[in-house]
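Right, one structure below, let's go through it.
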Amino acid sequence: MGSDNTHKNKLSIANFAAIKTAIANNEEQLLKELLADQAMQDLEKSYLIDLAKLSNNLTILKILEDIHEKV
């Protein structure tokens with residue numbers, strides 16, 4: 001079981017890295033695809049919003065603000 005959890009964690013880390021890259025590159029469509037039907041913790045969401053503010057892309061900011069938060 002431990003390796004199964006590790007595998008899931010690596011996918012999550014890779015996905016988060018892809019999200020950060022999409023934000024940095026202002027790739028709105030890719031960001032939408034990566035975030036489709038996902039929820040994230042408040043800390044992760046806040047970090048991504050702060051990252052997006054650096055480029056001042058209002059569309060990306062809106063996409064990130066609309067992410068559902070994990071309870």
Under the rule for side-chain contact (heavy atoms from CB on, under 4.5 Å), what residues qualify as partners of Leu43, not counting sequence neighbours? none
In Å, rounded to the nearest 0.5 Å, how long is the span from [atom1] of [X] to [atom2] of [Y]?
X	Y	atom1	atom2	answer
Leu64	Lys53	CG	NZ	10.5 Å
Leu35	Glu33	CG	CD	10.5 Å
Glu44	Ile19	CD	CD1	8.5 Å
Ile63	Glu65	CD1	CD	10.5 Å
Leu34	Phe16	CG	CZ	12.0 Å
Lys20	Leu31	NZ	CG	13.5 Å

If you compare all heavy atoms of [X] against all heavy atoms of [Y], which two are closest, and at what distance to 0.1 Å?
X	Y	answer
Ile67	Gln38	CG2-O, 3.9 Å
Thr59	Asn57	N-OD1, 3.0 Å
Leu61	Ala52	CD2-CB, 3.7 Å

Residues in salt bridge (Lys or Arg N to Asp or Glu O under 4.0 Å) contact with Asp50, at least two apart in sequence or another chain: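 Applying salt bridge (Lys or Arg N to Asp or Glu O under 4.0 Å) to Asp50 gives none.
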With sequence neighbours excluded, what pairs up with Glu69 under the salt bridge (Lys or Arg N to Asp or Glu O under 4.0 Å) test?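 Lys45.
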Looking at Glu27, is its backbone amide N or carbonyl O close enough to the side chain of Asn25 to form a donor-acceptor pair, meaning the two atoms are under 3.5 Å apart?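 No; judged by distance alone, with no hydrogens or angles, the pair does not exist.
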Residues Met40, Leu48; criterion side chain to side chain contact (heavy atoms under 4.5 Å, CB included); working and verdict: CA-CA 11 Å; Met40 63 179 51; Leu48 294 175; 3.7 Å; yes
